[in-house]
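All ligand and atom numbering here is 1-based and tracks the order in the structure. In this chain, residues are counted from 1 in sequence order. Any value given below was found using the heavy atoms of this structure, including those in side chains, with hydrogens, waters and symmetry copies removed.
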Amino acid sequence: MTKRDAILDGTQAAQRLHAALGTRKAIESGAQNRIDVFRVAMDRGALLLFRPLKGLLGAYLGQPNFPRSGIIVSTQRDLHVQRFTAAHELGHMTMNHAPSLDGEEIGLWRGESSDPQEVEADAFASEFLLPRWLYIHHASRQQWAKRELSRPDIVYQMSLRLGASYDATCWGLQGHGIVDRSVADKLRAYEPKELKNEALRGRGKLANPWADVWVISEADTGLTFEGSPDDIVIFRCKERAAAGYLWDEAPLREGGFELLVDTREIFSGDEIGAAVTRVIVARVPVARHYEVSLQERRPWQPEEPATQLNVAFDLLGKEQGLPRFAREMMAAA
Ligand SMILES: [Zn+2]
């Protein structure tokens with residue numbers, strides 16, 4: 001089997017699984033918010049556990065040595081790596097591979113492995129977590145065209161919405177032919193750390209280098225985001241202040257957010273008047289689920305909001321032990 005064949009096999013296996021699960025339809029209709037690889041792995045019959053693993057990112061255990069499929073994912077890496085590793089192991093399971101112990105060599109389109117089974121599992125994971133249609137889905141929601149998708153700050157925000165690392169997101173953009181290789185090379189030259197600092201512009205400090213900076217706008221309404229409790233969330237919303245419309249920030253505090261900065265950026269210049277962007281920088285004190293419903297309205301007409309922004313955040317960080325959804329199911333039973 002050539003490497004090219006292995007990539008094609010893995011990609012097609014992921015596409016078949018998504019087709020069987022109806023993932024694309026569920027996400028495009030808004031019924032589902034993200035690709036929940038942990039849930040899919042367990043629904044397909046795997047026993048999935050997150051454990052400290054020395055020198056390994058994950059492992060797939062199954063026939064012939066083990067009676068039942070098992071997936072173990074390291075707790076020593078962040079949620080993005082956990083998701084990719086679980087998808088890689090799900091690939092081994094879906095394609096009836098032999099048991100596999102996976103170290104740092106697994107990855108996206110990098111082609112570091114020459115073992116066809118590993119190439120297949122990597123191609124499966126890439127296509128399963130980062131299908132072309134998911135990029136298109138988020139890009140069209142945000143009105144990000146090709147020009148925007150060559151900007152590192154935008155690609156970083158895309159990566160957060162995809163639930164993947166910045167690096168993986170760049171490889172996906174290139175692999176799907178959304179940007180040219182030269183553009184992808186330039187994007188990859190940026191470190192996520194720089195992009196986080198650029199988004200913050202000194203308006204907050206990250207508690208740890210793995211924490212992310214979310215930039216949320218009206219275009220995100222209806223979405224649920226998955227991050228860590230150390231993340232910083234920046235709401236950037238257009239405010240028609242000249243017409244008397246203001247965003248009411250009170251529901252953020254009521255929803256449990258701590259507000260670090262609340263300011264307005266004003267760009268004057270055209271005849272219509274100054275464009276105002278309301279910028280609120282917030283973070284959360286504890287790891288949990290958060291829901292926010294913000295309205296832009298005239299203080300004297302509170303019943304008639306001009307714009308609404310409804311978003312939810314699962315700021316729970318990486319997984320440990322059993323996957324959270326499974327623990328919740330057991331607690332509810
Ligand atoms: Zn593997």
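- Inclusion of H92 in the first shell of the Zn ion (ligand 1) is supported: an N, O or S atom falls under 2.8 Å.
- For the Zn ion (ligand 1), the set of nearby N, O or S atoms under 2.8 Å includes none belonging to E89.
- Of the candidates F257, W214, F313, F257 is the only one forming a ring-ring contact (aromatic ring centres under 6.0 Å, His included) with Y290.
- In this structure, D180 has no side-chain hydrogen bond (donor to acceptor under 3.5 Å, both in side chains) partners at least two apart in sequence or on a different chain.
- A donor and an acceptor atom, one from each side chain of T23 and H18, are located under 3.5 Å apart.
- The name of the N, O or S atom in E118 nearest to the Zn ion (ligand 1) is OE1.
- Residue D212 is tested with D231, D230, L79 for a side chain to side chain contact (heavy atoms under 4.5 Å, CB included); the sole match is D231.
- Per residue D102, closest N, O or S atom to the Zn ion (ligand 1): atom name OD1.
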